[in-house]
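Quick notes on the structure that follows.
Side chains are part of it too, since the values below use all heavy atoms of this structure and drop only hydrogens, waters and symmetry mates.
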Amino acid sequence: MPKAPVQKKHRVHKEVSRVCTKPGVKGAKPAQPVSSQGLVFNTDLGQHILKNPLVINSMIEKAGLKTTDTVLEVGPGTGNMTAKLLERAKRVVACEVDPRMVAELHKRFISTSLHSKLDIRIGDVLKADLPAFDICVANLPYQISSPFVFKLLLHRPIFRCAVLMFQQEFAERLVARPGDKLYCRLTVNTQLLAKVYHLMKVGKNNFRPPPKVESSVVRIEPKNPVPNINFSEWDGLLRIVFVRKNKTLAAAFKQSSVLQTLEKNYKTMCSLQEKKIPEDFVLKDKVEEILVNGKFDKKRARQMDQDDFLALLHAFNKEGIHFV
């Protein structure tokens with residue numbers, strides 16, 4: 001009797017240790033059962049599976065996929081989104097932290113013609129090196145939203161766009177404008193590096209199990225070329241002014257902890273440049289002078305746009321004051 005043909009296996013990369021999901025583990029939340037597949041979804045890992053095919057199709061359409069694209073998907077779960085991506089893209093790199101979901105992906109695609117296009121990466125996507133990709137489409141675990149956005153935006157080579165599902169309030173922060181209630185450091189940092197568009201709201205019932213919050217989909221397009229700015233220093237400035245975003249900048253820069261940090265940075269920079277500091281130099285007075293001369297002293301972070309922050313950073317740097 002002839003032997004049955006051997007099925008090829010998916011490529012699987014083990015990037016970090018497996019996650020324990022056993023009952024009784026400290027910090028773990030009770031998982032919710034899904035009788036149709038015999039799985040229990042661990043909501044502590046953000047496992048809310050997107051089940052509505054209309055939402056999935058809409059997200060993929062908004063991504064503008066090409067047949068030559070490599071797609072990065074984070075949190076594929078049981079593969080509802082993955083299946084649609086595999087039909088349209090050249091290759092899908094699926095990053096999944098839960099070995100049980102990896103097994104479901106194997107079971108779903110191993111006997112199909114799509115399995116050769118699927119590359120599964122097991123582990124924490126925040127700790128792993130991302131591969132080169134063209135598009136990112138994902139229903140993200142909401143607890144990793146902020147760090148993942150910046151991991152994406154600082155990734156090289158630059159990708160074309162990302163279409164991502166977020167908690168609704170987080171999505172609204174990404175697209176907020178100066179003066180909006182949700183306008184914050186996250187907003188300014190994201191919009192420095194990318195154009196962000198709100199695409200659609202998604203209700204709780206489109207997921208299994210339903211999350212406790214409403215969701216939204218956004219499209220993120222990285223700016224290319226990348227802004228010529230030291231992002232660490234830019235973020236250092238924003239950390240100061242957004243601690244109390246309703247305060248004037250004059251009040252924000254009078255805090256002793258802020259002045260101590262800036263003075264330390266200033267002395268370090270002068271030492272590296274072999275620049276002598278005048279005996280009568282007082283950093284507090286210099287900071288106040290910069291703010292007043294640039295007409296920044298009465299401004300508030302919540303009402304400032306990117307041009308304002310760039311001008312403020314330039315004014316400080318011009319006088320040798322840095323934020324890293």
Side-chain angles (χ1 to χ4, degrees), residues 146-158 173-174 176-180 182-196 220-324:
S146 184
F148 182 72
V149 165
F150 289 106
K151 186 177 181 74
L152 268 187
L153 292 178
L154 298 176
H155 176 68
R156 299 294 177 269
I158 295 175
R173 290 181 187 277
L174 293 182
R177 309 306 302 169
D180 291 350
L182 293 177
Y183 189 69
C184 61
R185 174 172 148 248
L186 170 70
T187 311
V188 182
N189 271 337
T190 305
Q191 293 180 14
L192 171 74
L193 300 173
K195 295 179 180 179
V196 190
I220 298 176
E221 298 176 4
K223 292 180 180 177
N224 193 3
V226 179
N228 184 21
I229 190 170
N230 183 324
F231 183 75
S232 295
E233 181 162 22
W234 166 269
D235 188 47
L237 169 64
L238 296 187
R239 285 177 185 274
I240 293 172
V241 299
F242 274 103
V243 167
R244 295 287 185 272
K245 67 179 181 180
N246 293 320
K247 279 190 174 184
T248 63
L249 295 192
F253 281 94
K254 281 181 181 178
Q255 298 177 76
S256 58
S257 59
V258 171
L259 291 171
Q260 287 171 9
T261 300
L262 294 183
E263 185 165 13
K264 180 180 177 182
N265 292 348
Y266 182 77
K267 289 180 177 178
T268 300
M269 190 62 65
C270 287
S271 176
L272 292 172
Q273 297 175 349
E274 298 182 352
K275 177 182 176 181
K276 187 176 180 180
I277 302 175
E279 292 183 5
D280 61 346
F281 178 80
V282 178
L283 183 76
K284 181 179 178 181
D285 295 341
K286 173 57 71 175
V287 168
E288 185 177 348
E289 177 187 321
I290 292 170
L291 293 175
V292 172
N293 289 347
K295 298 181 180 180
F296 294 110
D297 54 321
K298 295 181 181 179
K299 289 190 175 182
R300 304 170 196 274
R302 66 180 175 84
Q303 296 174 325
M304 295 170 65
D305 60 20
Q306 279 193 38
D307 290 340
D308 292 327
F309 291 119
L310 286 168
L312 178 61
L313 181 60
H314 177 71
F316 275 114
N317 287 173
K318 187 178 178 181
E319 297 296 331
I321 297 176
H322 294 268
F323 297 86
V324 290

Just by distance, do the side chain of [X] and the backbone of [Y] share a donor-acceptor pair under 3.5 Å?
X: D180; Y: R177; value: yes
X: D308; Y: D305; value: yes
X: T187; Y: Y183; value: no
X: N230; Y: S232; value: yes
X: Q255; Y: A252; value: yes
X: K223; Y: Q191; value: yes

* Asked: What do the steps show when you test I240 against T261 for side-chain contact (heavy atoms from CB on, under 4.5 Å), and what is the final call?
  -> CA-CA 11 Å; I240 293 172; T261 300; over 6 Å; no
* Asked: Is it true that the side chains of R302 and N246 contain a donor and an acceptor less than 3.5 Å apart?
  -> yes
* **Short side-chain donor-acceptor distance under 3.5 Å, N317 and E233** => yes
* Asked: Where is the tightest heavy-atom contact between A194 and P222, given as atom of each residue plus distance?
  -> CB-CA, 3.9 Å
* Structure fact -> Scanning both residues in full, the closest heavy-atom pair of H322 with L262 reads O-CD2, 3.5 Å
Mind checking whether [X] and [Y] have side chains closer than 4.5 Å, heavy atoms only?
X: L186; Y: S146; result: yes
X: N189; Y: W234; result: yes
X: K286; Y: I290; result: yes
X: L312; Y: L237; result: yes
X: R300; Y: K245; result: no
X: I229; Y: L313; result: yes
X: R173; Y: C184; result: yes
X: Q273; Y: M269; result: yes

* Candidate pair N265 and I321, rule side-chain contact (heavy atoms from CB on, under 4.5 Å), full reasoning -> CA-CA 7 Å; N265 292 348; I321 297 176; over 6 Å; no
* Pair D235 + R185: basic N to acidic O under 4.0 Å -> yes
* Residues E263 and K267 bridged, charged N to O under 4.0 Å -> yes
* Just jot down the salt bridge (Lys or Arg N to Asp or Glu O under 4.0 Å) partners of D297, sequence neighbours excluded, or say none. => none
Could you grab the distance from atom [atom1] of [X] to atom [atom2] of [Y], nearest 0.5 Å is fine?
X: I158; Y: H155; atom1: CD1; atom2: NE2; answer: 10.0 Å
X: L259; Y: K264; atom1: CG; atom2: NZ; answer: 15.0 Å
X: K299; Y: L291; atom1: NZ; atom2: CG; answer: 11.0 Å

* Ring-ring centroid check F316 Y266, cutoff 6.0 Å -> no
* Does the separation of the ring centres of F309 and F242 fall below 6.0 angstrom? -> yes
* Do the ring planes of F150 and F231 sit parallel (below 30°), tilted (30 to 60°) or perpendicular (above 60°)? -> tilted
* Neighbour count above 12 (heavy atom, 6.0 Å) for K254 NZ -> no
